[in-house]
Number of protein chains: 2
Amino acid sequence: MTSSDRVTATYLIETAFPLEQAATTMAGEQSTGTFVRVPGETDALREAHAARVEELVELGDVAAPSLPGSGLPKGGDDARRRTARVTLSWPLANFGPSLPNLLAAIAGNLSELKAFSGLKLVDLKLPPTFLDRYQGPQFGVAGTRALAGVHDRPIIGTIIKPSVGLSPEATAEQVRVLVEAGVDFIKDDELQADGPHCPFDARISAVMRVIRDHADRTGKKVMYAANLTGEIDEMLARHDHVLAEGGTCIMASMNSIGLPAMKVLRAHSQLPIHGHRNGWGMLGRSPALGMSYIAFQKLWRLAGIDHTHVNGIDNKFCETNESVIASARECLTPMFDAPHPGCEILPVFSSGQSVMQAAATYQALGTTDLMFAAGGGIMAHPHGPAAGVRALLLAWEAAVAGVPLADAARDAPELRAAMGAFGG
Amino acid sequence: MTSSDRVTATYLIETAFPLEQAATTMAGEQSTGTFVRVPGETDALREAHAARVEELVELGDVAAPSLPGSGLPKGGDDARRRTARVTLSWPLANFGPSLPNLLAAIAGNLSELKAFSGLKLVDLKLPPTFLDRYQGPQFGVAGTRALAGVHDRPIIGTIIKPSVGLSPEATAEQVRVLVEAGVDFIKDDELQADGPHCPFDARISAVMRVIRDHADRTGKKVMYAANLTGEIDEMLARHDHVLAEGGTCIMASMNSIGLPAMKVLRAHSQLPIHGHRNGWGMLGRSPALGMSYIAFQKLWRLAGIDHTHVNGIDNKFCETNESVIASARECLTPMFDAPHPGCEILPVFSSGQSVMQAAATYQALGTTDLMFAAGGGIMAHPHGPAAGVRALLLAWEAAVAGVPLADAARDAPELRAAMGAFGG
């Protein structure tokens with residue numbers, strides 16, 4: 001293997017120890033280091049297999065430890081906790097191009113190390129050798145656009161609500177309202193996969209009947225992301241059912257199924273995979289612990305997802321707009337240099353989205369290669385769901401043209417009403 | 001389904017909102033609630049499918065929000081953040097006995113809710129219906145003891161170090177030293193599964209040759225936990241190789257493979273599964289976010305692990321002794337009432353363990369149904385590894401007999417030396 005066959009991972013750390021020492025501890029723990037030097041730990045072995053500290057950039061101090069349980073150097077000053085950005089690298093020869101084993105190295109027994117009162121994985125870069133083992137997204141942005149028949153504007157999406165409790169028939173009725181309103185994309189809620197009162201196969205059959213009828217009449221086949229999250233055999237069978245019913249998308253909760261199951265699903269799938277990130281907050285919300293979405297989504301893109309949620313501008317959750325936009329940009333940024341595929345995927349904006357966020361989203365991202373998903377922003381439009389969809393399309397036209405929303409709304413009652421309803 | 005077919009989950013929350021309102025928000029978000037009331041959200045649907053707040057116990061206030069991004073009630077007082085323990089329940093009918101879908105409900109889009117500056121899942125209780133779908137541990141404590149041939153005392157374990165860099169032959173040489181020293185159990189490091197310089201099949205063949213030879217000579221077959229973490233087809237093939245070589249244990253990194261892959265592995269396996277928890281710190285270290293190990297290990301026990309790490313008393317990581325012991329106790333506590341199987345598993349104590357922690361571990365746990373794993377505590381014993389193992393056995397004999405370590409060491413040079421080396 002060449003020297004370019006190294007994996008690099010970047011962390012934000014917080015420590016009472018000298019930064020060099022702290023970074024060296026991380027590298028040692030996750031490669032050749034041992035608490036007590038053992039006979040097998042030769043210099044040659046360390047040379048070939050030790051993780052390296054590639055970069056260390058000191059950032060500001062913090063007033064108090066962010067996490068409990070950390071230790072102090074002998075004679076150390078508890079008051080001073082430095083923070084830094086550290087980049088480590090590993091020879092791929094330590095674990096091979098295996099995502100599950102990569103994870104144990106870059107995100108395994110690190111966060112609990114006593115030297116740190118904060119440690120978060122914020123980015124990673126993988127050598128293209130991983131593409132020999134992982135297929136990456138099958139459809140990505142272009143393939144999803146082709147299947148949805150949507151070009152040169154965002155894909156307008158929405159979700160089935162309430163999340164649980166609707167029967168297959170009631171779900172299909174809601175889908176009828178939504179496809180007639182003109183949406184491009186509808187997804188199951190992550191809370192509904194195969195509940196006893198809304199079995200997957202029955203739901204998809206009922207929903208696809210509506211979608212096919214609508215396509216026959218209008219020529220527009222709405223993409224429905226069928227939440228097939230479950231055990232592996234269940235997911236493969238559900239995929240086949242979606243395909244047989246003429247469906248064009250499947251959805252799986254990433255944290256629920258794990259990377260190996262996603263790899264199997266990707267190998268089997270003939271449809272785009274909508275990667276739902278629920279549970280992400282457990283990993284991502286603390287600035288001092290876990291994993292950024294920048295790092296997280298790279299693992300899942302390689303495993304094969306085509307879309308993923310990035311939250312949205314001024315969302316109803318805790319994520320900042322900066323973080324939302326950074327995640328979305330990353331989805332559209334190649335993971336590997338040409339001639340390798342870049343594995344770009346479609347970022348999905350959602351959570352409290354309405355006409356009010358179109359301009360800011362476009363300005364921050366500079367592209368319409370995204371899905372813009374609205375629930376209340378469509379269903380709660382004062383003139384009904386069709387006006388809700390129309391208003392979103394107009395808001396995006398205005399955003400791309402650089403026309404202020406209020407100007408665009410002058411001759412557009414749907415947009416005016418949406419601004420009134422959601423602009424509070 | 002009966003009313004006992006409910007899932008309950010307990011959380012620690014921190015919020016600036018009135019506690020009742022905050023708890024109701026959680027329940028709504030994770031079941032029938034919608035930001036904007038939609039037509040399908042009928043009273044009957046809510047009655048049948050809404051999550052309920054079962055208990056709400058106010059705890060102390062905190063001075064400042066533990067996590068960023070949380071919101072305030074209108075006119076709320078930023079200075080006051082209440083904490084509470086909240087128990088919610090869901091009808092199983094919302095998701096069925098499916099661990100991946102359970103996860104989306106109890107640990108999905110919750111941690112990012114704006115009403116909370118802290119939210120951690122600390123416990124859960126599942127109805128026995130899950131046992132129709134999940135097999136639970138195949139070997140557990142009794143089956144592992146039978147295979148390892150160890151009764152009425154802890155299973156003494158150790159680990160291959162350095163973690164990476166050893167060839168299959170060098171690994172086997174280290175195993176030779178360890179089996180001759182008298183250990184009961186040896187595990188791969190989680191950083192070594194199938195690295196290009198130490199391929200799984202070659203390593204296991206080399207290691208098992210040593211273990212079989214030793215068994216032929218002594219009658220004692222040491223249990224070797226072969227780290228087969230990888231993709232699903234790889235893991236099944238590696239299991240078969242271990243079995244063919246006469247191995248008696250496999251190991252997988254839980255966070256690397258996910259619950260569905262573990263279910264497949266369990267269904268296929270004829271060997272105990274050592275569930276490695278590396279990466280656990282990302283979920284568990286923050287008191288304000290993530291998931292306790294109490295909750296986490298229940299999911300994995302049901303999926304089929306037989307052993308899991310609980311860290312150790314006075315460990316080298318950040319976990320408190322209280323947390324370590326609570327996890328270990330939980331492993332040995334039935335998950336379901338008789339006549340259902342309790343799914344008890346073997347807790348594995350490790351990290352900086354030596355003769356010094358035997359008494360405290362026994363006093364806290366009140367049983368020897370555990371694995372006590374030491375690396376340096378064996379290899380770095382001044383009289384060599386055999387003395388290291390002997391000292392651990394003596395320390396545990398003393399612990400069970402209630403004899404102070406210093407007294408037991410009077411006529412036991414191995415124990416005396418261990419106290420000198422590790423008692424600092």
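Because the structure is predicted, anything quoted here is derived from the model rather than measured. Each chain gets a letter, A, B and so on, in the order the sequences are listed, and its residues count up from 1.
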Under 4.5 Å from a heavy atom of chain A, the part of [X] involved:
X        : value
B:Ala170 : neither
B:Asn109 : both
B:Leu191 : both
B:Asp189 : neither
B:Ala107 : both
B:Leu289 : side chain
B:Val264 : side chain
B:Phe200 : neither

Practice task
Look at the side chain of A:Arg285 and the backbone N and O of B:Pro68, then say whether any donor-acceptor pair between them is shorter than 3.5 Å.
Solution key: yes
Handout entry: Flag, side chain of A:Ser111 to backbone of B:Gly281, donor-acceptor distance under 3.5 Å
Key = no
Handout entry: Set of residues satisfying salt bridge (charged side-chain N to carboxylate O under 4.0 Å, His left out) with respect to B:Glu319, sequence neighbours excluded
Key = B:Arg277
Exercise for the section: Could I get the full list of salt bridge (charged side-chain N to carboxylate O under 4.0 Å, His left out) partners for A:Glu173, not counting sequence neighbours? Expected result: A:Arg176
Exercise for the section: Output, in order, the C-alpha distance, side-chain angles, deciding distance and verdict of side chain to side chain contact (heavy atoms under 4.5 Å, CB included) for A:Leu67 and B:Ser286. Expected result: CA-CA 6 Å; A:Leu67 297 170; B:Ser286 168; 3.9 Å; yes
Handout entry: Electrostatic pair B:Arg133:A:Glu234 at N-O distance under 4.0 angstrom
Key = yes
Practice task
Taking all non-hydrogen atoms of both residues into account, name the closest pair between B:Ala93 and A:Pro196 and its distance.
Solution key: O-CD, 3.1 Å
Practice task
Would you name the heavy atoms of B:Thr229 and A:Asn101 that are closest together and state the gap between them?
Solution key: O-ND2, 2.9 Å
Among the listed options [options], the residue most often paired with chain A at heavy-atom distances under 4.5 Å:
options                                : result
B:Ala105, B:Cys318, B:Gly258           : B:Cys318
B:Pro100, B:Gly279, B:Gly69, B:Gly195  : B:Pro100
B:Glu190, B:Glu231, B:Gln192           : B:Glu231
B:Gly284, B:Ser256, B:Cys198, B:Ala261 : B:Ser256
B:Lys120, B:Lys114, B:Gln30            : B:Lys114

Hey, which of [options] has the most heavy atom pairs under 4.5 Å with chain B?
options                                : result
A:Asn315, A:Val177, A:Asn311, A:Ile257 : A:Ile257
A:Gly290, A:Gly165, A:Ala50, A:Ser66   : A:Gly165
A:Ala193, A:Ala48, A:Gly230, A:Ser98   : A:Gly230

Handout entry: Any side-chain heavy-atom pair of A:Leu103 and B:Ser253 under 4.5 Å
Key = no
Problem - Sub-4.5 Å side-chain heavy-atom contact between A:Met282 and B:Met282 - result: no
Problem - Stepwise side chain to side chain contact (heavy atoms under 4.5 Å, CB included) test for A:Trp280 and B:Glu112 - result: CA-CA 8 Å; A:Trp280 158 248; B:Glu112 287 181 286; 3.7 Å; yes
